[in-house]
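What follows is a set of notes on a single structure, which appears directly below.
In what follows, residues are counted from 1 in the order of the sequence shown. Start at 1 and go down the list; that is how both ligands and their atoms are numbered.
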Amino acid sequence: MFIGIDDTDSAVTGMCTTYLAAEIMLAFPELDVIGHPRLIRLNPMVPWKTRGNGAVSLELGKGEGERFPIAMINGRIIYGHEKKARNGNVSMKDAEERLTALIDKWGQMGDEKTNPGFVITEERPPEGLFWRAVWEVITVEDALSYLPEGSVYKGFKNGRGIIGSSASIAWNPKHDRTYEIIAYRSPERWGTERDIDEASVIEMDRRFPHTFNNYDYANRHIAISPNSPCPVLCGIRGDDRKELIPALEAIRGEEKDRWTLFISNQGTDQHILDAVIGDIKPFSSYHTHGTVSSRPERIEGGHIIVSMKDRGYEAYCAAYEPTKGFRNTVSLLRPGDEIEVWGGVSDAVRNGKLTINLEKIRVVGAADIVEKIANPLCPHCGKRMKSIGKGAGYRCSVCGGKAGEDEAKFRTVKGEERIATGYYEAPICAARHLSKPLKRMSVQNSVAFL
Ligand code: ATP
């Protein structure tokens, strides 16, 4: 059977849905886990997500074939199995009761934004459900319409967690996948400051080449550890699951109470749709291309925005304040540059245009720019002339002689002197869970293990 669970946590009162993967393993001691537990990220533009729109699922049954470590709980390693040999003897009804007890115990019901749900199915729902849930905003009814007959589901409060629960089961790792090992803190430490040795994070980052988003060198920020009051101590992401247990052991600091090794769609760009600017819509994320059509502007809050156009359609691209140094790159863009961009679109409209919240850009062609380097010299007295006003030409302060705008001294700045062509990404400290890091741009992993 497949179990999906979502929306049990709260940004205010704590918890983390990923913690429940281990709790589910403990609640079904007579069953094996087939493959790895899944940590699946869904549409990052849904307005009601608490943080990263993550949902968790796992397959339970009687396993066979290769065994691999997937969790450490109470000092004991739990193994996942390569294949399912047969179903376990836990009925759907019994499973429903055990999961209800877990939500009663762990669900942060006091937070109005927490709307838990779980789903139990005997087969995976069609993959199309996952793609809709990562690209669009869908309803609980939409999600339910994909569930195989005989599935059991339960929603608490508005029941929205059913969407993530079922989409997580529907995800297919054949397109691409990564892993994340998440270590949890002892319950008595939840809500207190975390103790992680920064030097050990940097050493780990250098020692394990297939991990990613560990440490933000530009901003001196430990990216494996959250700031929220949740039970997570740290999470290390990577392409090679065999690296992740030694990578976690290399982190010094407070004791790791337990850990779970998830398979995931983090760092895959699966939220991104290819589209032309004229087709982009709010609440989805896109890869699109066009020509820069304005000079970058700094707006309130320290964000940088720049306009781009394609076939008569225009959109703003924004590098928000948390993207720090990435804003400097975006500030170098000039009208005429050819760019590709990746990012999410909210429903905010500025000057009639939607805004793409930039995750990364590729400068395909940098335009040569003609820039003024000096005002004209007066042809009568040889003095440097003064500007009369924007676009109004020049006047000599000695003899009053006039000159046009185009009589100033100009030079051509070659595009590549200003900005190199190639990829640029938001720093790790501001990276979305789903954004594919440039480090992985040439990697696309599929896997036989579910
Ligand atoms: P996490 O803290 O685990 O990273 P989160 O707290 O940001 O994630 P959730 O608590 O899971 O997010 O809340 C997101 C809610 O949105 C869940 O109820 C989920 O089922 C729902 N949801 C997920 N994807 C969609 C979608 N495409 N359309 C509508 N609702 C969605």
Every residue of the protein that comes under 4.0 Å of ligand 1, judged on heavy atoms
D6, D7, D9, R41, L42, N43, V46, W48, K49, T50, R51, G52, N53, G54, A133, E136, V137, I138, R160, G161, I163, G164
With a 4.5 Å cut-off on side-chain heavy atoms, are R298 and S331 touching?
no
Between R334 and R295, is any pair of side-chain heavy atoms under 4.5 Å apart?
yes
Charged tip of R237 within 45° of Y179 ring normal and under 6.0 Å:
no
Holding to side chain to side chain contact (heavy atoms under 4.5 Å, CB included), I want the full list of residues that pass it with R206, two or more places apart in sequence or in another chain.
I202, Y217
For D279, give me all partners under salt bridge (Lys or Arg N to Asp or Glu O under 4.0 Å), at least two apart in sequence or on another chain.
none
Can you give each donor-acceptor pair under 3.5 Å made by side-chain atoms of residues 351-359, sequence neighbours left out, with the distance rounded to 0.1 Å?
residue: N351; atom: ND2; partner: Y316; partner atom: OH; Å: 2.8
residue: K353; atom: NZ; partner: S307; partner atom: OG; Å: 2.9
residue: E359; atom: OE1; partner: H271; partner atom: NE2; Å: 2.8
residue: E359; atom: OE1; partner: S435; partner atom: OG; Å: 2.6
residue: E359; atom: OE2; partner: R432; partner atom: NE; Å: 3.2

